[in-house]
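Below is one structure, written out as C-alpha cells; comments come after it.
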Amino acid sequence: NDFISSLQSAHDERVLKFAHFQREFLDNLKAKFALVASGMHPQVLTIEDLPSGLTSRFVSSADNYALTIYPANDIWHPKHLQEFVNELRSVDENVLGTPIEVYESARLMRTTFLRSACLAFLVIIILVWLDFRSLRVALMAVLPLGLGTVWLLGLMGLFAIPFNMANFFAIPILIGIGVDSGVHLVHRLQRDRELAALSKSTGKGVLLTVLANAVGFGMMMIATHQGLASLGKIMAIGSL
C-alpha cells in the first residue's frame with residue numbers, strides 16, 4: 001500500500017525513471033533466462049572445438065591418443081603393483097608411466113643388490129683366506145657372518161619386516177662390517193690357543209663394537225620415514 005501510494009503521489013519525472021528502471025530490469029532478466037535456456041540444448045564438443053594447447057597433450061600428430069589408467073588398489077604395495085603392471089602389459093607391452101618405472105626400478109635394485117651381496121661375500125672370503133692362508137680357518141672366521149645372515153632373515157620374517165627399496169642397502173653394509181668380529185676372534189684364538197681368550201680384551205672389544213653398531217644404526221628406527229625406520233631395524237638386528 002505504501003508503495004502504491006508513493007507511485008500515485010509521484011511526479012511524472014519520477015514515474016518515468018521508475019518505468020525506465022523496470023524496463024532495463026526486465027530486459028536484463030530476459031537475457032539471463034535466454035542464456036540459461038540456451039544451455040538446455042548443448043552441442044556435442046569435438047576435438048576441433050578444444051584449444052590446441054590442450055589437445056596436443058593427449059593427441060599426437062599421428063592421431064595417437066594418450067590414455068590414463070588409474071589402479072583400483074594401492075600400488076605402493078609390491079603385490080598390487082605387480083598385478084597392475086601385468087594387467088597393463090597384457091594389453092600393451094610398451095605401456096609407460098610412473099608405476100612401470102617404479103616396478104622396473106625395484107626389480108633392478110633387487111637383482112643388483114642380491115648380486116652385489118653375493119659378490120661381496122665371495123670377495124670377503126677370498127680376502128680372509130689371503131689373511132689366514134687357510135681355507136678352514138677362513139671359513140671359521142666367516143661362519144659368524146653366515147649364521148648372522150640366516151638369523152637376520154629368520155627374524156625379519158618373524159617380525160614381518162620385508163625388504164624394500166630403502167633397506168636393501170643394509171645387506172652389503174652388514175656383510176662388510178659383520179666379518180670383522182670373526183676375524184678378530186680367530187686371530188686371538190690362533191695366538192693364545194685357548195677358548196678362554198674370547199673372554200678377555202678381544203671378546204669385550206668385539207662385544208662393545210657390536211653393541212655400538214646396533215645402537216648407532218638402531219637409532220634410525222625412530223625415524224618417521226618408514227624406509228629409514230625399516231633400515232634401522234635390519235641394521236640393528238643384523239649387527240647383533
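Residues S239 and L174 come closest through the heavy atom pair N-CD2, 3.8 Å. Summarising the geometry of D49 relative to V44, their closest heavy-atom pair is OD2-O, 3.9 Å, with the distance given to 0.1 Å. Considering all non-hydrogen atoms of both residues, M140 and V186 come closest at C-CG2, 4.3 Å. Across I100 and L96, no two heavy atoms sit closer than the pair CG1-C, 4.0 Å. Closest non-hydrogen pair, I75 versus P99, comes out as CD1-CG, 3.7 Å. Summarising the geometry of N167 relative to P162, their closest heavy-atom pair is ND2-O, 3.0 Å, with the distance given to 0.1 Å.
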TODO: For side chain to side chain contact (heavy atoms under 4.5 Å, CB included), just list the numbers for V95 and I69, CA-CA rounded to whole Å, side-chain angles, deciding distance to a tenth of an Å, and then say yes or no.
DONE: CA-CA 11 Å; V95 64; I69 302 173; 5.9 Å; no

Open item on the list: Please evaluate residues F217 and I177 with respect to the criterion side chain to side chain contact (heavy atoms under 4.5 Å, CB included), reporting the C-alpha separation (whole Å), side-chain torsions for both, the decisive distance (0.1 Å), and the verdict.
Closed with: CA-CA 12 Å; F217 288 116; I177 66 175; 3.9 Å; yes

TODO: Go through F163 and L153 one step at a time and tell me if the side chain to side chain contact (heavy atoms under 4.5 Å, CB included) criterion holds.
DONE: CA-CA 10 Å; F163 280 115; L153 297 176; 4.0 Å; yes

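Counting only distance, with no hydrogens or angles, the side chain of S105 and the backbone of V102 share no donor-acceptor pair below 3.5 Å. A distance-only check finds a donor-acceptor pair linking the side chain of S60 to the backbone of N64 [under 3.5 Å]. With hydrogens and angles ignored, the 3.5 Å screen pairs a side-chain donor or acceptor of S90 with a backbone N or O of E87. N86 places a side-chain N or O within 3.5 Å of a backbone atom of Q82 that can act as its donor or acceptor partner. For the pair H80 (side chain) and N73 (backbone), a donor-acceptor distance under 3.5 Å is absent.
Of the candidates R191, H187, H184, T202 forms a side-chain contact (heavy atoms from CB on, under 4.5 Å) with just one, namely H184.
Pairs passing the salt bridge (charged side-chain N to carboxylate O under 4.0 Å, His left out) check and including a residue from residues 107-132, sequence neighbours excluded, read E104-R107.
The pair R23-D27 fails the salt-bridge criterion, with no side-chain N (NZ, NE, NH1 or NH2) lying under 4.0 Å from an Asp/Glu carboxylate O.
Judged as a ring-ring contact (aromatic ring centres under 6.0 Å, His included), and not counting sequence neighbours, F121 has no contacts. The side-chain hydrogen bond (donor to acceptor under 3.5 Å, both in side chains) check on T98 picks up nothing, with sequence neighbours excluded.
L231 and W151 are not part of a single hydrophobic cluster, where members link through side-chain heavy atoms under 4.5 Å apart.
You'll find the side chain of V183 stays beyond 4.5 Å of the side chain of V142, heavy atoms only.
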